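Everything below concerns the one structure shown next.
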Amino acid sequence: MEKRMLKDDNDRVDGILKVTGQAKYFAEYELPGLTYGVLVTSTITKGRITALNTKDAEKAPGVIAVISHLNKPSATAYEQEGGPQMKIFYTDRIFYNGQPIAIVVANTFERATYAASLVKATYAKEEFNTDFEKALKDPKAKKLQGQADYKRGEENAYKNAEVKLEERYFLPIETHNPMELHGIIADWRPNNQLTVYAKTQGVKATQGTIANVFKIPMENIQVNSEFVGGGFGMALRTWPLEIATVMASKHIGKPVKVVITRMKMFTMVGNRPAAIQTIGLGANKDGKLTGITHRAYGETSTYENFTEGVVNMAKFMYQCDNVNTSYAIVPVDLGVPIWMRGPGEATGAFALESAIDEMAHALGMDPLDFRIKNDPETDQQKNKPFSSKNIKEAYKIGAEKIGWNNRKNEPGSLVEGPWQTGYGVSVGVFNANRGKASVKGTLKADGSLLLQSATSDIGPGTGTGMTLIANRLMKIPVNKITFELGDSSLPPAPSQGGSATLSTVGSAVNDVCVALKSAIAELAANSNMDATANFVDVLKKNNLPQIEITKESQGGKEKDNYSMYSFSIHFVQVKVHSLTGVVKVSKIVSVGDSGTIVSPKTARSQMLGGAVGGIGMALTEESIIDHRYGRYINNNFADYHVPVNADVPEIDVNFINKPDPYINPMGAKGMGEIALIGFSAAVANAVFNATGKRIRTLPITPDKILA
Amino acid sequence: MINFQYLRTTTAKSAIALLVKDKNAKFLAGGTNLIDLMKRGVTAPEKLIDINHVPLKQIEQIGNKIHIGALASNSAVADHPLIKEKLPLLSWALQAGASAQLRNVATVGGNMMQRTRCGYFYDIEMPCNKRQPGTGCGAIEGFNRMHAIFGTSEQCIAVHPSDMCVALVALDAEVVLANAKGERKISFKDFHRLAGDTPQLDNNLKVDEMIIRLEIPVNNLAKNYHYLKVRDRASYAFALVSVAAALEISNNKIIDVRLAMGGVAHKPWRLTASENFLKGKEAILSNFEQAAQLAMQDAKGFGGNDFKLKLAPNTIIEALNLAKSKA
Ligand SMILES: Cc1cc2nc3c(=O)[nH]c(=O)nc-3n(C[C@H](O)[C@H](O)[C@H](O)COP(=O)(O)OP(=O)(O)OC[C@H]3O[C@@H](n4cnc5c(N)ncnc54)[C@H](O)[C@@H]3O)c2cc1C
Ligand code: SF4
């Protein structure tokens, strides 16, 4: 039988463009006179540049300019208070190994690369420390409060509980490593007019940062970023390397393109910071939690502080009257971290959800029963009801699908030859947000609808979700709807982050559609047409080629009345080889509880990607530094192990798909983060169930199983 | 850019002639290792002699030996019916290496010549005796999780990363090398070297020589064999430890046995003592366990790779188990 690709209304609107290579990413724009920049980086970890010899580089074939702190063009904000913290080419100071210290611009990429190798820096070195654990132990090393301490009830109540545990969990640095390398094309033209082709999660944010640094009006800057080859958070800010490219273009009066190497992806665009966490849990013998204490330390840089919500989940995820948390950040001589998928919560959930499993085991309870027993009816932290929460139903669906009844509570019970089988479960949770965004809708007499907003799509399928919202409201076929994004001249929208795009921009799409419908109804009434008349006929009758409406949309008081979160449950089955220590994730069932599922295919893709990222976090990913030199050891795709197909079993994705009554008109909560959050704990819990070994340091590599 | 001359030749003779003319020349085969090293600044040849058009891609049986040309691709060898039937261990080892895309262009000669994956070797800002003799070894007191436990020296503890070579050393392969004057044949186990005081040298190929072909005797080991590679992810990762095991069993007695390990030494590591122990014995777990212990006699860890002291014998046992139970 012939197998054909059938187009279906839920397909990605840009799917064909992507798989046929027609989607154009930032690095693919060929501007006339384009030049190429390569960044020179520091080879020491801390100190000062005492001399920078750029002569050989300047004389190399094809070189147009070498820009450094010695000759940088003015970036006004850098000379002012309150400008950006990491000021490229502003100082002779070195804050970390791999810091950009100059940019070489040439007429080909290869020539720029070669010339960059000719720039020679002389340094005055200073003592440094890149070892987070060492800094943590050192009483003289700085520790800064990352979040206000939290206390409900009695502090450290777990210590007096009938059954108690206190354990430490370690998470190494993870690097986002989207497939697409980072970079930018900047084209600075006369009269301070600037066009950039960027890889960004927020075109408006990029526009704003550049405007602020160079003190030129926002309107002078056009940011284009229609397609992005993955971000996972690393494209949430405009990095020094991008500012350097803009500077270079301004300096030479020509467009400059920079695409960094995979190695530089480890040092120039952030990472998920390492974290050390202690969890104390107390319960009574019946399995009711009586105390939760979550203390976390996260790594940050010396030149800029980075914090994330590591200890949030402990405050509301389980019914418990005594909870206290603390979170501090510890500066080391590394580049500043940035949010990575499931920021903070993925780190915290690994610790908390492992500890919950440990407590269930200590109590001799099934970890699922223990979770259900301690599931809260209301949010004890905010003292508010949840806007919607269907966790118990999600537990049930997942347990059934994974075959939880095959699990034995006694670890190491399921053995077949050298392979031990285990089951694990964990919860993920993330704030369900709704921000403020504007969308312009143009309804045309040819039957089409154009929607425009300066939002982004780093891969989840923003355009697809928005198209489906409009399609259902307007009853216009999907192929007649176009959603334009990734262009800073469009009506403003926030950056794509924190799983809020569908909620925020989708609500604006909703509002615009509703407004367009009533405008058509009004026109129909005024021209004596039936209220149900088709908009094409209405427009034609009124001799209108189109009508346009722009709507700004944001939430109201609902946030004050309800606690809003998206939830996910991850069930995994693992097989552990008792002789080689190899862990294979053999089955995955994920259940998302995130309100209405607007776009089933792309929502499923989010869950698939989250599970794959979760396998990486649990089993393979770790950015390794030699602390004697402050340099990464495995900064390439052969040695930094992201999961490959052979690591990933079939993933069974399920959704509760019940509307949240309060969050937004669609009833949809975000789901990009929950797809990953908690996953690594489910794997660690399954490994324990298979082997009786509790691994509290990620990733769970064969050596740790054998130890 | 760092300019180099690109030359292409179609005979082994002319390739060798070009090589000896210039001591800064290098052969370019699949380029999957050499080009990476050039990009990282680890090596900077002035001349690249492209040998991909030299007709050395044969895979054939001559007498009781299988000949494989130095330029046969890793996938061509792995997928060849003759290899699958008569030397399946080699086919398996090749399949366990790199990715399908790499195997399609990587060649037999290039695979033998590939350099270590030690991170310090690749980073020209770090010390490394192999890259720059006398600068020290970054790994001995640094990150050495991937490093050797056998035959190490104070100069270098790197491992040879190849999977193919582990099978070849187990299969008693021979290598034919040629210089301008003629050919010589050496045993595969003598091709690679230990680091000793000359960590910069990976093998015994002379500067004026080219690898021409492999010759591998056919054997009775095509029934009970296994290549077991333990790695950090299920594919596309170098071995933490790998074991090539092949048994000839009759009435549960071991008539012949081959054992070699990868990821543990500066060269593919043949386990002769274990083989000698197993010959004539019963193919049972307790014997496998003893053989594994014998293999570990001179093993030494460096901290980060201590786990290999446990992983290596376990992997030997499991590889023997799987070889034995192969239907
Ligand atoms: C990401 C990655 C992962 C990998 N994973 C694995 C793995 O898991 N297992 C594994 O075994 N390998 C792995 N490899 C290595 C791969 O097998 C080698 O790169 C490949 O076999 C080299 O062959 P080539 O033909 O491309 O060699 P080239 O790169 O062309 O050459 C390598 C060297 O051999 C020399 N040379 C080539 N042919 C001859 C000849 N006939 N005579 C003399 N000298 C010659 C060249 O001059 C050069 O110095 C991996 C490589 C990469 C990049
Ligand atoms: S182990 Fe060998 S290759 Fe690695 S740093 Fe030491 S000398 Fe260099």
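As the structure is a prediction and not an experimental result, all values here were calculated from the model. Below, read A as the first sequence line, B as the second, and so on, with proteins coming before strands; counting in each chain starts at 1.
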Top residue by heavy-atom pair count (under 4.5 Å) with chain B, among A:G616, A:A60, A:P643, A:P418? A:P418
Side chain to side chain contact (heavy atoms under 4.5 Å, CB included), that's the test. Do B:R231 and A:H641 meet it? Break it down for me. CA-CA 10 Å; B:R231 42 187 152 175; A:H641 297 135; over 6 Å; no
Rounded to the nearest 0.5 Å, what separates atom [atom1] in [X] from atom [atom2] in [Y]?
X	Y	atom1	atom2	value
B:E141	A:R628	CD	CZ	6.5 Å
A:T580	B:N314	OG1	CG	8.0 Å
A:Y629	B:E125	OH	CD	12.0 Å
B:F143	A:I633	CZ	CD1	7.0 Å
B:Y122	A:N635	OH	CG	12.0 Å
B:L309	A:L706	CG	CG	11.0 Å

Is [X] close to chain B through its backbone or its side chain, or both, or neither, when contacts mean heavy atoms under 4.5 Å?
X	value
A:V642	both
A:F109	neither
A:H577	side chain

Checking B:K308, B:R145, B:K310 against A:D703 for salt bridge (charged side-chain N to carboxylate O under 4.0 Å, His left out), the one that qualifies is B:R145
Give a yes or no on whether the backbone of B:D123 and the side-chain of A:R631 come within a donor-acceptor separation of less than 3.5 Å. no
Backbone of A:D647 reached by a side-chain donor or acceptor of B:R233 within 3.5 Å: no
B:Y120 versus A:D626, side-chain donor and acceptor atoms under 3.5 Å: yes
Side chain from CB out, backbone as N, CA, C, O: work out which of these in B:L311 comes under 4.5 Å of a heavy atom of chain A, or both, or neither. both
Can you tell which part of B:M146 gets under 4.5 Å to a heavy atom of chain A, answering side chain, backbone, both or neither? neither
Is the shortest heavy-atom distance from the side chain of A:N645 to the side chain of B:S235 under 4.5 Å? no
Is A:V582 close to B:V230 at the side-chain level, that is, under 4.5 Å between some pair of heavy atoms? yes
Could you check A:Y114 against B:N3 for side-chain hydrogen bond (donor to acceptor under 3.5 Å, both in side chains), going step by step and ending with a plain yes or no? CA-CA 10 Å; A:Y114 174 57; B:N3 279 316; over 6 Å; no
Taking [atom1] in [X] as the centre, count heavy atoms belonging to other residues, nucleotides or ligands within less than 6.0 Å. Is the count above 12?
X	atom1	value
B:E154	CD	no
A:K584	NZ	no
B:K326	NZ	yes

Between B:G119, B:G142, B:S99, B:G41, which residue shows the highest count of heavy-atom pairs closer than 4.5 Å to chain A? B:G142
